[in-house]
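To start, the structure under review is shown below, and the notes come after it.
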Amino acid sequence: MVVTRFAPSPTGYLHIGGLRTALLSYLWARKNNGTFLLRIEDTDFSRNDEAAALAIVEAFKWVGLQHDGKIEYQSSRLEIYKQHIQQLLNEGKAYKCYMSKEELEALREEQTQRKERPKYDNRYREFTGTPPEGREAVVRIKAPLEGSITVHDGVKGDVVFNVHDILDDFIIARSDGTPTYNFVVAVDDALMGVTDVIRGDDHLSNTPKQIVVYQALGFPIPKFFHVPMIHNHDGKKLSKRDGATDVIAYKTMGYTPEALLNFLVRLGWSHGDQEIFSMVEMLELFDPSDINRSASVYNVEKLDWLNSHYLKNMTNEKLCELLEFHGVMLISHDKREILLDAVKERAKTLSEMAMLISEILVKPAGFEEAVLKKGYKEDSKEVLEKFSTALRAAKELHLPSDYHHVMESVVTEMGIGFGKIGQPLRIALLGKLSGPGLDSVMAIIGVEETLERINTLISY
RNA sequence: GGCUCCAUCAUCUAACGGUUAGGAUCCCAGGUUUUCAUCCUGGUCACAGGGGUUCAAAUCCCCUUGGAGUCACCA
């Protein structure tokens, strides 16, 4: 049985890095018919936890991830933590420390001055006397005084930490009685039966502390997989500016969940030369042991490429559905197939596609001088008039090919190249010099609208 | 600063002692197209540096350099 979990702190939204570790945990659990838990780490009683959890679930829903069971809030598990703290106290594996914050501060100051590592001096470790008056105590765990702690990591290998360098009797309960992060994480993961902890490698140096807790409580230590961070182009932690925004923002920008997930799974993981992974393939092929050890850089170009790939291979029905979010309603449009075929291969995102569609459906608001100069020459008017005439004479114009035949006949009759009619016609229809095939555009808007737009340009 | 991790094209990556170091994105060129995009073909570009080990090193070891993470009564 494999149990994984995603355990974000409530920041208000799910960002791209979080989604990646969530995805990997999800894949590994599902692949093994295991369980994927969602736990909100809100031990500091931040006010926004429930709303934040909902935001995460909403993002999960959009990309198609689904956690198992109910969402666990650490803030509602206080009693459990207190029990375990008491247990350690009873067993003499933890103790109360009456040192004040000021004293601690002073000690650290001193140590830093002596170029020593700031570290608690164990002054209350074996304390049996009467506590100082009116002091609230913190609870410290008895950490090993020497030797080393080895983290057996599925990604990084065995990582050895020397107790001397990193550990002291760290605080597991604050003076107000609330437990601290490293304690609750270990307790929760153990109690919830988490077998495989997949998380960012910024947690690697926390792991020895958590192992101390596991051992003190007699819990089995899970497997750890510390996955490398995602960096920006400067090699720094991803920030909002770089795209580490709310996952839902990707929906707004017109990315599809398939592309986003495919992009994320390929960051730090690969399977031979394969670039495209469906959810089914990810489930079949993913193994956290294959995750790379080094950090990777977030680059939008690849995401864009993947997104356009998925857009190109999407059915028009599905496209139509997704475009509604971007304000384009095509359900009852009779030329919907032609329209979508014309734009689906030219857009990187859905919002871009929505724009292309409106450029076709809405007549040009005007004509730019530069555009006219480049594409509307002296003979253009004559060509367009001839074309209009031919259009009026033609019968049964429905398909792009029907319109193409008309264009062809005019070109042949006049003994000119396609370019002579293409450029001015494109300006008339779209107001610009590039865009979808003209035969498709005309088939979409119909003869009347086509004639009208040509007329508008001629008399401009 | 201590500790830990990391190091292959601009970017994501393949190679798990033996390859002309492969694929993809980006970029460039050519073809296709009425235009742009798509698509097709081709091209440019990498083992951070230095020592070892070995018949043989991108791969194993050490050092240097560079980058990142972490060191709280934050999570």
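Every chain is numbered from 1, with letters handed out A, B, ... down the list of sequences.
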Atom CG of A:Asn307 and atom P of B:rA37: how far apart are they, to the nearest Å?
19 Å
Distance test, side-chain N/O of A:Lys312 to OP1/OP2 of B:rC39, below 4.0 Å
yes
Return the pairing partner of B:rU35 with a 3.5 Å limit on both distances, Watson-Crick or G-U wobble; otherwise return none.
none
Using OP1 and OP2 only, check whether a side-chain N or O of A:Asn292 sits under 4.0 Å from B:rC12.
no
With no angle test and no hydrogens, is the base of B:rG23 tied to the side chain of A:Glu275 by a donor-acceptor pair under 3.5 Å?
yes
By the Watson-Crick or G-U definition, both distances under 3.5 Å, B:rG18 is matched with B:rC55
Is any side-chain nitrogen or oxygen of A:Ser205 closer than 4.0 Å to OP1 or OP2 of B:rC3?
no
Taking the same atom, C1', in B:rU19 and in B:rA75, what whole-Å distance lies between them?
47 Å
Verify whether the ring centers belonging to A:His15 and A:Tyr250 lie closer than 6.0 Å.
no
Using a distance-only criterion (donor-acceptor N/O pair, under 3.5 Å, no hydrogens), is the base of B:rG69 paired with the side chain of A:Asp201?
no
RNA chain B: A:Asp158 or A:Lys115, which has the more 5' nearest nucleotide?
A:Lys115
With a 4.0 Å cut-off, would you call A:Arg39 and A:Glu41 a salt bridge?
yes
Whom does B:rC73 pair with, Watson-Crick or G-U wobble, provided both distances fall under 3.5 Å?
none
Residue met sooner reading RNA chain B from 5', once A:Ser175 and A:Pro436 are mapped to nucleotides:
A:Pro436
Under 4.0 Å, heavy atoms only, any strand: does A:Gly375 hit a base, just the sugar-phosphate, or nothing?
nothing
Check: A:Tyr181/A:Asn206 side-chain N/O donor and acceptor closer than 3.5 Å
no
Within the structure shown, what part of the strands sits under 4.0 Å from A:Lys156 by heavy-atom distance: base, sugar-phosphate, or nothing?
sugar-phosphate
Is the shortest side-chain N/O distance from A:Arg266 to OP1 or OP2 of B:rG23 below 4.0 Å?
no
When only distance counts, do a donor and an acceptor, one from the side chain of A:Asp202 and one from the base of B:rA68, lie under 3.5 Å apart?
no
Please pick, from B:rU34, B:rU25, B:rU4, the nucleotide with the shortest atom-to-atom distance to any side-chain atom of A:Arg426.
B:rU34
Which one is paired to B:rU4, where only Watson-Crick or G-U wobble pairs with both distances under 3.5 angstrom count?
B:rA68
Is there a donor on the side chain of A:Lys302 or the base of B:rA24 sitting less than 3.5 Å from an acceptor on the other?
yes
Any base atoms under 4.0 Å from A:Phe170, or only sugar-phosphate, or nothing? Heavy atoms, all strands.
nothing
Closest to the A:Lys236 side chain: B:rC26, B:rU13, B:rA68?
B:rA68
So which nucleotide from B:rC12, B:rG67, B:rA75 ends up closest to the side chain of A:Ser296?
B:rC12
Ignoring hydrogens and angles, state whether a donor on the side chain of A:Asp341 or A:Asn316 is under 3.5 Å from an acceptor on the partner side chain.
yes
